[in-house]
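Residues: numbered from 1 along the sequence shown. We count ligands from 1, going down the list as the structure has it; atoms in each ligand are counted the same way.
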Amino acid sequence: MYEIIEKKQLNGTIVEMEVKAARVAKSCLPGQFVIVRTDENGERIPLTICDYSRERGTVTIVFQTVGASTYRMAALKKGDSFRDFAGPLGRYCEWIKEPADELQKKRILFVAGGVGTAPVYPQMKWLHEHGIEADCIIGARNKDLIILEEEMRAVAGNLYVTTDDGSYGMKGNVNDCLKRLVSEEKKVYDFVVAIGPMIMMKYVCLLTKELGIPTIVSLNPIMVDGTGMCGACRVTVDGKVKFACVDGPEFDGHLVDFDQAMKRQQMYKTEEGRRYLKEQEGASHHGGCGHCE
Ligand code: NAD
Ligand code: FES
């Protein structure tokens, strides 16, 4: 059992929980995810790690209440426990492997959309702890939906906040801000990491392709069971079939077929859609179950 040490309601629907999970905390790195279950009959929910403390033996998760399972999770209180807390899963960020002196020369921009701010935080924190101050744009629909602003400010070089309705920070979406930074402030970036809703990542990638800035995206939103078994997170990257939970979650955003991934994501929601996908994709429908190829 994995005890909830702290619980915070970040806004109306977004919850942060610090969970005692010493084994995960000991080895996890930014970019990786965990699968949680409230009880033995509960749905498996894959969540990108938002923070970890090796000293406290804890991992912090942030999630939005969108369905029955996340409502059940949100009902848990400080002192309650998760039945399962499996991880760390997935590949950690590629840039962690770069020699520190090379990485220190890079000008990095993070683009965090809404709840996607949570998985951006451990990446920026890791860089900050290694002497690298990356810039970050946080985009939210309105002021109430901005999360982790203070935490992000503490680890960012420059933090830019945008709201779609102009209720806080700059008015506009993350791309409006990115365009302004590049065209008006003459900012130059070696790479961008964009994490947020699929549609945001698609449009950030269209823009950064035009601007010639390599871009990494995290495809956590298309995962369902996170175990490589269900086939939900199948995505075409550079013309090749990949599975976000096994081969990712991070990919070169300029090579991802976002339109296909979003169409699949919609189809996967219905029984009929899932049957259709299975028929169309045959033996390659699943990820890493090992029985299909
Ligand atoms: P949202 O829809 O409120 O969007 C957040 C911001 O993204 C907007 O304010 C805007 O600045 C930007 N954005 C959205 N659409 C855009 C577009 N077409 N062009 C340019 N910018 C755009 O986001 P939300 O409701 O907080 O996010 C929920 C989604 O985030 C869920 O789908 C969830 O799966 C996803 N999510 C993704 C990750 C990840 O790892 N990629 C992690 C957590 C959550
Ligand atoms: Fe099920 Fe990846 S989430 S195969």
Of all the heavy-atom pairs spanning Tyr52 and Pro30, show the shortest one and how long it is. OH-CD, 3.4 Å

For Ser167, all residues meeting side-chain hydrogen bond (donor to acceptor under 3.5 Å, both in side chains), sequence neighbours excluded: Asp165

For ligand 1, which atoms have a heavy atom of Ser218 less than 4.0 angstrom away? 39 (C), 40 (O), 41 (N)

Contact atoms of ligand 1, heavy-atom distance to Gly114 under 4.0 Å: 5 (C), 26 (O)

Return the residue, atom name and 0.1 Å-rounded distance of the protein heavy atom closest to atom 15 (N) of ligand 1. Ile199 CG2, 3.7 Å

Which heavy atom of Cys230 sits nearest to which heavy atom of Tyr268, and what is that distance? O-OH, 3.0 Å

So which protein heavy atom does atom 11 (O) of ligand 1 come closest to, and at what separation? Val174 N, 3.1 Å

Numbering as shown, the atoms of ligand 2 that approach Gly231 to under 4.0 Å (heavy-atom distance): 1 (Fe), 4 (S)

Residue Cys230 vicinity, atoms of ligand 2 by number, heavy atom under 4.0 Å: 1 (Fe), 3 (S), 4 (S)

Is Lys20 salt-bridged to Glu3, cutoff N-O under 4.0 Å? no

With heavy atoms and a 4.0 Å threshold, my read on which part of Ala140 contacts ligand 1 is backbone

Tell me the protein heavy atom at minimum distance from atom 23 (O) of ligand 1, and give that distance in Å. Pro197 CG, 3.4 Å

Can you check whether Trp126's main-chain N or O pairs, donor with acceptor, with His130's side chain at less than 3.5 Å? yes

Check against salt bridge (charged side-chain N to carboxylate O under 4.0 Å, His left out), Glu18 and Arg56: CA-CA 10 Å; Glu18 185 181 1; Arg56 286 160 66 86; 2.7 Å; yes

Gly139: numbered ligand 1 atoms lying under 4.0 Å from its heavy atoms: 5 (C), 6 (C), 9 (O), 11 (O)

So if I count the atoms of ligand 1 from 1 in the order they appear, which ones are less than 4.0 Å from some heavy atom of Met201? 41 (N)

More than 12 non-hydrogen atoms from neighbouring residues, nucleotides or ligands closer than 6.0 Å to NZ on Lys77, yes or no? no

Of all the non-hydrogen atoms in the protein, which one sits nearest to atom 3 (O) of ligand 1, and at what distance? Arg141 NE, 2.6 Å

Test of proximity, Gly196 against ligand 1: N or O pairs below 3.5 Å: yes

Heavy atoms only, cut-off 4.0 Å: how does Arg234 contact ligand 2, side chain, backbone, both, or neither? neither

Which single N/O/S atom of Asp225 lies at minimum distance from atom 1 (Fe) of ligand 2? OD1

heavy-atom search around atom 14 (C) of ligand 1 in the protein gives Met200 CB, 3.8 Å

Could you identify the single nearest non-hydrogen protein atom to atom 19 (N) of ligand 1 and state the distance to 0.1 Å? Tyr203 CB, 3.6 Å

Cation-pi check, Lys143 onto Tyr168 ring (under 6.0 Å, within 45° of axis): yes

Asn158 versus Asp135, side-chain donor and acceptor atoms under 3.5 Å: yes

Any atoms of ligand 1 less than 4.0 Å from a non-hydrogen atom of Asn220? List them with their elements. 39 (C), 40 (O)

Number the atoms of ligand 2 from 1 as they appear, then name those within less than 4.0 Å of a heavy atom of Val224, with their elements. 3 (S)

Could you tell me whether atom 2 (Fe) of ligand 2 has an N, O or S atom of Cys233 under 2.8 Å away? yes

With backbone taken as N, CA, C and O and side chain as the heavy atoms from C-beta onward, which portion of Val115 lies under 4.0 Å from ligand 1: side chain, backbone, both, or neither? both

Min heavy-atom dist Gly228 to ligand 2 below 4.0 Å: yes

Atoms in ligand 2 with a heavy atom of Gly226 nearer than 4.0 Å: 1 (Fe), 3 (S)

What protein heavy atom is closest to atom 34 (O) of ligand 1, reported as residue, atom name and distance in Å? Pro221 CB, 3.3 Å

Go through ligand 1 atom by atom and flag the ones less than 4.0 Å from a non-hydrogen atom of Asp164. 8 (C), 9 (O), 10 (C), 11 (O)

Ligand-side contact atoms (ligand 1) for residue partner Pro119, heavy atom cut-off under 4.0 Å: 42 (C)

Any heavy-atom pair between the side chains of Ile4 and Phe82 that's under 4.5 Å? yes

Which of Met73, Lys8, Gln9, Gln64 passes side chain to side chain contact (heavy atoms under 4.5 Å, CB included) with Val15? It is Gln9

To check you understand the geometry: which heavy-atom pair defines the closest contact between Pro122 and Ile49, and what is its length? CG-O, 3.3 Å

Can you find a protein heavy atom under 4.0 Å from atom 31 (C) of ligand 1? no

Results of side-chain hydrogen bond (donor to acceptor under 3.5 Å, both in side chains) for Arg264 - residues two or more places apart only: Glu281

Of the backbone atoms (N, CA, C, O) and the side-chain heavy atoms from C-beta on, which set of Lys202 has a member under 4.0 Å from an atom of ligand 1: side chain, backbone, both, or neither? neither

What is the closest protein heavy atom to atom 28 (C) of ligand 1, and at what distance does it sit? Gln64 OE1, 3.8 Å

When only distance counts, is Thr162 in polar contact with ligand 1, meaning an N/O pair under 3.5 Å? no

At a 4.0 Å threshold, what atoms of ligand 2 neighbour a non-hydrogen atom of Met229? 4 (S)

Treating Ile, Leu, Val, Met, Phe, Trp and Tyr as nodes and any side-chain heavy-atom pair under 4.5 angstrom as an edge, say whether Ile14 and Tyr121 lie in one connected cluster. yes

Taking all non-hydrogen atoms of both residues into account, name the closest pair between Thr215 and Ala194 and its distance. CG2-CB, 4.3 Å

Suppose I only count heavy atoms of Cys245 and a 4.0 Å limit; which atoms of ligand 2 are within that range? 2 (Fe), 3 (S), 4 (S)

Is it true that a side-chain atom of Asp247 and a backbone atom of Ala244 form a donor plus acceptor pair closer than 3.5 Å? no

Could you tell me which atoms of ligand 1, counted from 1 in the order shown, lie closer than 4.0 angstrom to a heavy atom of Asn173? 10 (C), 11 (O), 19 (N), 20 (C), 21 (N)

Would you call Glu250-Arg91 a salt bridge at under 4.0 Å N-O? no

Determine, for Lys97 against Glu94, whether the closest basic-nitrogen to carboxylate-oxygen distance falls under 4.0 angstrom. yes

